[in-house]
Amino acid sequence: MRVLAIETSCDETAAAVLDAERGLLSHQLWSQIDLHRAYGGVVPELASRDHLRRLLPLVRASLVEAGSAAEDIDGIAYTAGPGLVGALLTGAALARALAYAWGRPAIGVHHLEGHLLAPMLEDPPPPLPHTALLVSGGHTLLVDVRAVGHYRVLGQTRDDAAGEAFDKIAKLLGLPYPGGPQLAALAAQGRAASYELPRPMLDRPGFEFSFSGLKTAVAQRLRTVAAGAMTEQMRADVARAVQDAIVETLCAKAIRALQFTGHRALVLAGGVGANLALRERLSAQAARLGARLYLPRLAFCTDNAAMIARAGMYRLQAGEHDGLAVQVRARWPLEELAPPGSAEAHAARLPS
Ligand code: KG4
Ligand code: ZN
């Protein structure tokens, strides 16, 4: 089986071709960062328009890179949610239209299932079951991954997602959008323990997170510094303190979840999974428990179509596909998913 995948849930336009035997044949990505920078965040209407502009050329480039013609494609996977509705609709409409024109099945993929299954593209893939920490711009979840499509959410954030906290605090520090990677780069110049910041919910039992208090604490700190008195070293020290607080909290809860499930494998996925401090610390802490950390390559932590191809292929291979109606979901709880090919999974598919 060979699958063409399309991802347009937020501000990256992506296309990929995955072959069941030969692996990933191509992946193409267009980032809209430059388009949204002037606004300090993603402008949904601009995102949709740019997806429309970029999508078909990107699909063609992906097919060319894969050395595939339309008739080589056995199915089309597209991100159906959660995400920005207008942005999702551009990818869904094109995917459905191509599938109709080519006489092939199309499958709507859950974006977070894509993130969770991204490490399945690596060698070796994580064994199942495993525990996953999924940290992106919109979500912070600890998941007991029993099997593909069988997800039990152990805990999530009560307010801001980890990536959102990185982005909002980066903005406070005057860093350009998107702030997460910028704050991480600045933190590399910072000194440890220069500022004390709270570790929200760390002392509470369970697997929940809360990151909005961190942003408030940083804002208060910055207000005590006289205008113009903030040196580059001070900004780097604050960035370091923020990163340390977020990384420490994420690691502590992820390790707690690993102990709870008893799994030997831990997966780190989502955009914040590209954070090197988090990757290193989590890897070391998992090893201390005799467990192994599985990571997607850096490019597949942030949004991409390869992960959508991987998730979609499991379902297409199990005979799942959507009808002709084009429908996307801004909100879509992960736990509504069912294993590929199961009666529940078929029942949840869109009508013809
Ligand atoms: O998964 P993703 O690409 O999009 C969503 O589905 O949300 O994640 C994007 C998030 C953003 O908040 C971005 O700032 C954050 O991931 N991010 C990082 C790093 N690279 C991306 N946060 C911290 N350190 C990084 N190196
Ligand atoms: Zn994402």
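Computed from heavy atoms alone, side chains included, the values below leave out hydrogens, waters and symmetry copies. Counting convention: from 1, in listed order, for ligands and their atoms alike.
- Considering backbone and side-chain N/O of Pro181, none are found under 3.5 Å from N/O of ligand 1.
- The side-chain tip of Arg37 does not point at the ring of Tyr39 from less than 6.0 angstrom away and within 45° of straight on.
- Counting heavy atoms only, Asn275 comes closest to atom 23 (C) of ligand 1 of the residues Asn275, Leu278, Leu112.
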### Task
For salt bridge (charged side-chain N to carboxylate O under 4.0 Å, His left out), just list the numbers for Asp144 and Arg146, CA-CA rounded to whole Å, side-chain angles, deciding distance to a tenth of an Å, and then say yes or no.
CA-CA 6 Å; Asp144 178 359; Arg146 306 269 178 89; 2.8 Å; yes
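- Between Gly137 and ligand 1, at least one pair of N/O atoms sits closer than 3.5 Å.
- Distances from atom 17 (N) of ligand 1 to the heavy atoms of Gly271, Gly138, Ser136 show the closest one on Gly271.
- In the vicinity of Gly163, heavy-atom distances shorter than 4.0 Å reach the ligand 1 atoms 12 (O).
- The tally of protein N/O/S atoms under 2.8 Å from the Zn ion (ligand 2) stands at 3.
- At a cut-off of 3.5 Å, with distance as the only test, a side-chain donor of His51 or Thr13 sits close to an acceptor on the other residue.
- Applying the 4.0 Å criterion to heavy atoms of Ala274 picks out, from ligand 1, the atoms 20 (N), 26 (N).
- Heavy-atom separations between Pro178 and ligand 1 are all 4.0 Å or longer.
- Look at Arg54 and Glu12 and you find no salt bridge, because none of the NZ, NE, NH1 or NH2 atoms lies under 4.0 Å from a carboxylate O.
- With a 4.0 Å cut-off on non-hydrogen atoms, His111 touches ligand 1 through its side chain and not its backbone.
- Counting atoms of ligand 1 from 1 in the listed order, those under 4.0 Å from a heavy atom of Thr302 are 3 (O).
- Side-chain contact annotation: Thr131 with His263, donor-acceptor N/O pair under 3.5 Å present.
- Contact annotation for Asp167 and ligand 1: only side-chain heavy atoms (C-beta onward) come within less than 4.0 Å of the ligand.
- Among all protein heavy atoms, the one lying closest to atom 2 (P) of ligand 1 is Asp303 OD1, 3.4 Å.
- Checked by atom type, the side-chain pair Ser194/Arg240 shows no donor-acceptor distance below 3.5 Å.
- Contacts with ligand 1 closer than 4.0 Å are made by side-chain heavy atoms of His115 only, the backbone lying farther away.
- Below 30°, between 30° and 60°, or above 60°: for Phe209 and Phe211 the angle between ring planes is below 30°, a parallel geometry.
- In this structure, the protein non-hydrogen atom closest to atom 22 (N) of ligand 1 is Gly180 CA, 3.7 Å.
- In this structure, Glu122 pairs ionically with Arg297, as a charged nitrogen and a carboxylate oxygen lie closer than 4.0 Å.
- Atom-to-atom distance recorded for Ser283:OG and Leu266:CG is 9.5 Å, nearest 0.5 angstrom.
- Note: Glu196 CD to Asp244 CG = 12.0 Å, rounded to the nearest 0.5 Å.
- Cation-pi geometry between Arg292 and Tyr294 is met: under 6.0 angstrom from the ring centre, within 45 degrees of the axis.
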### Task
Report the C-alpha distance between Glu71 and Arg2 in whole Å, list the side-chain angles of each, state the deciding distance to 0.1 Å, and finish with yes or no for salt bridge (charged side-chain N to carboxylate O under 4.0 Å, His left out).
CA-CA 10 Å; Glu71 52 272 22; Arg2 192 170 289 186; over 6 Å; no
